[in-house]
Chemist: 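Have a look at this one.
Whatever order the structure lists them in is the order used to number ligands and atoms, beginning at 1. Position 1 is the first residue of the sequence, and the numbers go up from there.
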Amino acid sequence: MIPYGHQSIDQADIAAVEAVLRSDFLTQGPAVPKFEQVVAGHCGAADGVAVNSATSALHVACLALGLGPGDRLWTSPNTFVASANCALYCGASVDFVDIDPRTYNLSPAALETKLAVAAREGKLPKIVVPVHFAGQSCDMQAIHALARRYGVRILEDASHAIGGSYQGAPVGDCRYSDIAVLSFHPVKVITSGEGGMAMTNDPELARRMRLLRSHGTTRDAQEMVQPPDGPWSYQQVVLGYNYRMTDIHAALGTSQMRRLDSFVARRRQLVARYNEKLCSVAVVTPFCAPHADPSWHLYVIQLKAQEKEARGKAFDAMRAAGIGVNVHYIPVHLQPYFRSMGFEPGDFPEAERFYTDCLTLPLFPVMTDLQQDEVVAAITIAVTNGLK
Ligand SMILES: *Cc1c(COP(=O)(O)O)cnc(C)c1O
């Protein structure tokens, strides 16, 4: 089976992990701040707070931005559930903004309309979470302008997008946001095993997220709220969690960063090749907005077939041919848990239309041209048969 995504681990990655295993610190050692510096340096952000997943990063980011009961968070329905769950962890409510049918990203036009209505009704969100689907940046300048106008904070879910750029600058620089979150799960662009990082240019947000990732405790006298008992003292000043990244994971992440550029270059090459080879097949290949140079975490096509079950048939045919296709994403508002909060089919029609026809083809840096040719041949047959 050719998988839809796969990590690339080399000898240097293994050596980096082994070195930590032989060192004094498996966690809370020097490898974590080093990883934070390397990623912040790459992204051009002032700071990065490493945690054990992007999901944890979204949670501490929301808390640091002050999200709580009675507040609202808006995100894209075309995402993984974690982009929405972070609101619920904080006791806030969640709502969605429909996608742009070309980029599949949160639509600035839909956001503008929804914000105007919410402002009239006194129901503005505290945070908007744009998701850079497939590694293509949202139109952050437009989203930022709207957020400024309405006093809304911006938390980028950049889980797909490390290595991508927007307006020529790296995703994660937080030029148009308060915080940007990265994921290092093995299917993503680089991996630390599990892991995530919250990038920010705001020292106060970074300080709060560092407190929250480690039980809300501090050994820094400046952060203590009562006189310390003695030199051994630590104080819990807020309710935090154990969301720490280990040194083992951080060392792998740092080692992977050396190959980030080559991973993304190979992804771009494979995407160009897919686009070229699929132009005569009845599918919609990904659209790339002029402001973005995506990292291409995913290669998602849409089937043009009129037949209702076309995607399902193509999915089955590809899996039968040994090709690990996937579907990104089932709109979050259609998940049973979200349906139970009152969301219904028809609420976000563009995301639902996209879901009906989308299919994710394999894409990962160690994929060979030969494997890609196999995928192209199989999808060509699957689509042609589907049209009969
Ligand atoms: C993978 C992913 C997450 C969650 O990342 P983890 O590191 O697995 O917690 C969140 N949002 C999006 C869009 C993702 O793709």
Chemist: In this structure, is the centre-to-centre distance between the rings of Phe354 and Phe133 below 6.0 Å?
Modeler: yes
Chemist: Counting the benzene-type ring for Trp, do Phe184 and Phe35 have ring centres under 6.0 Å apart?
Modeler: yes
Chemist: Mind jotting down which protein residues get a heavy-atom contact under 4.0 Å with ligand 1? Chain and number order, please.
Modeler: Ser53, Ala54, Thr55, Thr79, Phe80, Ala82, Ser83, Val131, Asp157, Ser159, His160, Ser183, Lys188, Gly195, Tyr329
Chemist: State whether the side chain of Arg273 and the backbone N or O of Gln372 hold a donor-acceptor pair below 3.5 Å, judged by distance alone.
Modeler: no
Chemist: Are the aromatic rings of Tyr241 and His215 close, with centres under 6.0 Å apart?
Modeler: no
Chemist: Decide if the gap between the ring center of Phe343 and the ring center of Phe96 is smaller than 6.0 angstrom.
Modeler: yes
Chemist: Between His132 and Tyr166 (judged by ring centroids, cut-off 6.0 Å), do the two rings come close enough to count as a pair?
Modeler: no
